[in-house]
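See below for the structure under consideration.
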Amino acid sequence: MERAKAIIRDADLVVSFSGAGLSQESGIPTFRDADGIWTTVDPFKMASADGFAADPEGVIDWYDERRRFIAGKDPNPAHRALAVAPSMVHITQNIDHLLERAGVGDVVHLHGVIDRDHCHDRCGHEEAVDPSAPPGLRPCPRCGALMRPSIVWFGEPLPQREWFRAQAAIAAADAIIVVGTSGEVYPAAGLIDLARDYGAKMIVVNPEETPAGRAADVDIRGLAGEVVPELLSVRTP
Ligand code: APR
């Protein structure tokens, strides 16, 4: 931890790159842990365009159940520590808004967010939805195709603007904190390789060993809610 704190202390720009593990202590299950979401639901049935075509109502019902569940969760100490640390850029694979609710003004969401829908035929129509009372399966009011969550499904491209912003942040970063991700899903996980190519110092926070951890300057075994506040204490005003 002391080596990691020294890296954070000496860095100008620190970037956080997070996954589901960041929100795990807020009560939101991860995807690939033993009790993860993908251990009970087939990701290609529920998080792909083919799955949506096969069972649009089932997919929307599942996402709306997740939206209502996530809407009731609160930020944990890791979200709050990331929010108060100055001059950081926050990139996340998470669709929740717990970083924003902890006070982060601008989060780069690579995999979308739970409170927006868009036309599946991409006619351009999109709408904000209330995740605590989602509207269910419905036609696009502009073109009649189906509306679906603005969440990136397997096989779909990342939102270009967010993807470019993430790469630019990694290129400029002096240090990157990789917290709560298995680093298994590309292209997002490619940011870890990019950080190494650009020479950013990398600190991994994860209770498990991961490929990112093996390549990191410092691999901290632990829970985000415990490690991140201590790690960022050297940077918090
Ligand atoms: N603190 C830190 N890390 C944790 C914690 C915690 N409290 N609890 C679990 N973890 C770690 C796990 O050890 C694991 O390495 O978080 C990681 C979660 O990995 P995944 O479940 O694979 O989630 P993630 O990496 O975010 O998945 C990436 O895959 O299914 C897609 O779109 C989905 O954005 C998601 C992407």
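A quick note: this is a predicted structure, and the numbers were derived from the prediction, not measured. Values below: every heavy atom of this structure, side chains too, minus hydrogens, waters and symmetry copies.
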* Dump the intermediate steps for side chain to side chain contact (heavy atoms under 4.5 Å, CB included) on L82 and L232, then the final yes or no. => CA-CA 7 Å; L82 289 166; L232 291 177; 3.6 Å; yes
* Evaluate the side chain to side chain contact (heavy atoms under 4.5 Å, CB included) criterion for residues L146 and D121: first the C-alpha distance (whole Å), next the side-chain angles of each, then the deciding distance (0.1 Å), finally the verdict. => CA-CA 7 Å; L146 289 175; D121 277 8; over 6 Å; no
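- Side-chain contact between F69 and I114: absent, with no pair of heavy atoms (C-beta onward) separated by less than 4.5 Å.
- Heavy-atom contacts from other residues, nucleotides or ligands closer than 6.0 Å to OH of Y198 number 12 or fewer.
- Going from atom CG of L191 over to atom CD of Q93 covers 8.0 Å, rounded to the nearest 0.5 Å.
- Grouping the Ile, Leu, Val, Met, Phe, Trp and Tyr side chains by contacts below 4.5 angstrom, directly or via other members, places V89 apart from V104.
- Smallest separation of non-hydrogen atoms from P159 and V152: CD-CG2, 3.7 Å.
- Partner of S150 under the side chain to side chain donor-acceptor pair (under 3.5 Å) criterion, chosen from E126, H118, R116: H118.
- Panel note: side chain S23, backbone A20; no donor-acceptor pair is recorded below 3.5 Å.
- With salt bridges taken as basic N to acidic carboxylate O contacts below 4.0 Å, none links D64 and R66.
- The neighbour count for E209 CD, taken as heavy atoms of other residues, nucleotides or ligands under 6.0 Å away, is above 12.
- Note on V185: it does not cluster hydrophobically with F44, by side-chain heavy-atom contacts below 4.5 Å among ILVMFWY residues.
- Residue I203 holds its CD1 atom at 8.0 Å from CG of D217, rounded to the nearest 0.5 Å.
- The CG atom of N94 lies 7.5 Å from the CZ atom of F31; values are rounded to the nearest 0.5 Å.
- For the residue pair H111 and I95, the shortest heavy atom distance occurs at O-CG2, 3.6 Å.
- With S48 contributing its side chain and K45 its backbone, the two residues share no donor-acceptor pair below 3.5 Å.
- Counting only distance, with no hydrogens or angles, the side chain of R101 and the backbone of H79 share no donor-acceptor pair below 3.5 Å.
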* CA sep, side-chain torsions, deciding dist, call: N76, S26, side-chain hydrogen bond (donor to acceptor under 3.5 Å, both in side chains) -> CA-CA 6 Å; N76 66 52; S26 296; 3.1 Å; yes
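- The pair E156-R148 meets the salt-bridge criterion, since a charged nitrogen lies less than 4.0 angstrom from a carboxylate oxygen.
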* To do: Before giving the answer on side-chain hydrogen bond (donor to acceptor under 3.5 Å, both in side chains), spell out for H90 and S16 the whole-Å C-alpha distance, their side-chain angles and the decisive distance to 0.1 Å.
  => CA-CA 5 Å; H90 300 288; S16 75; 2.7 Å; yes
* Asked: Step by step, would you call S132 with D130 a side-chain hydrogen bond (donor to acceptor under 3.5 Å, both in side chains)?
  -> CA-CA 5 Å; S132 60; D130 175 358; 2.6 Å; yes
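- When every heavy atom of A169 is checked against every heavy atom of V15, the shortest pair comes out as O-CG2, 3.7 Å.
- Two residues are said to be in side-chain contact when any heavy atoms from C-beta on lie closer than 4.5 Å; R67 and P149 meet this criterion.
- One finds a salt bridge joining R165 and D106 here, because a Lys/Arg side-chain nitrogen approaches an Asp/Glu carboxylate oxygen to under 4.0 Å.
- Side-chain contact between H125 and C143 is absent, with no heavy atoms from C-beta onward closer than 4.5 Å.
- By the 4.0 Å N-to-carboxylate-O rule, R142 lies too far from E127 to be salt-bridged with it.
- How far CZ of F52 is from CD1 of I60: 4.5 Å, rounded to the nearest 0.5 Å.
- One hydrophobic cluster, built from ILVMFWY side chains closer than 4.5 Å, holds both M1 and V205.
- To the nearest 0.5 Å, atoms CD (E162) and CD1 (I91) are separated by 10.0 Å.
- Counting only heavy atoms from C-beta outward, the side chains of V204 and I177 never approach each other to under 4.5 Å.
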* To do: Would you please test I151 and Y63 for side chain to side chain contact (heavy atoms under 4.5 Å, CB included) and show each step?
  => CA-CA 10 Å; I151 292 166; Y63 269 98; 3.6 Å; yes
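- Sparse packing is recorded around CZ of R3, with 12 or fewer heavy atoms of other residues, nucleotides or ligands lying under 6.0 Å away.
- V218 and V14 end up in the same hydrophobic cluster when Ile, Leu, Val, Met, Phe, Trp and Tyr side chains are linked at under 4.5 Å.
- Looking at H97 and V113, their side chains come closer than 4.5 Å, going by heavy atoms from C-beta outward.
- A side-chain donor-acceptor contact under 3.5 Å links S87 and R235.
- Nearest approach of E184 to A189, heavy atoms of both residues: N-CB, 4.3 Å.
- W62 is not listed as a side-chain neighbour of D55, based on a closest heavy-atom distance of 4.5 Å or more.
- Taking CH2 of W38 as the start and OG1 of T30 as the end, the distance is 11.0 Å to the nearest 0.5 Å.
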* Should I192 and L194 be marked as a side chain to side chain contact (heavy atoms under 4.5 Å, CB included) after you check the CA-CA gap, both sets of side-chain angles, and the distance that decides it? -> CA-CA 5 Å; I192 296 166; L194 198 64; over 6 Å; no
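- Under a 4.0 Å N-O distance rule, the pair K5/E230 qualifies as a salt bridge.
- Contact annotation: the side chain of D174 never approaches that of K201 to less than 4.5 Å [non-hydrogen atoms, C-beta and beyond].
- Residues L98 and P75 meet the side-chain proximity criterion, which asks for heavy atoms closer than 4.5 Å.
- Here the shortest heavy-atom pairing between S18 and L99 reads OG-CD1, 4.5 Å.
- A11 and A175 make their closest contact through CB-CB, 3.9 Å (heavy atoms, listed as atom of the first residue, atom of the second, distance).
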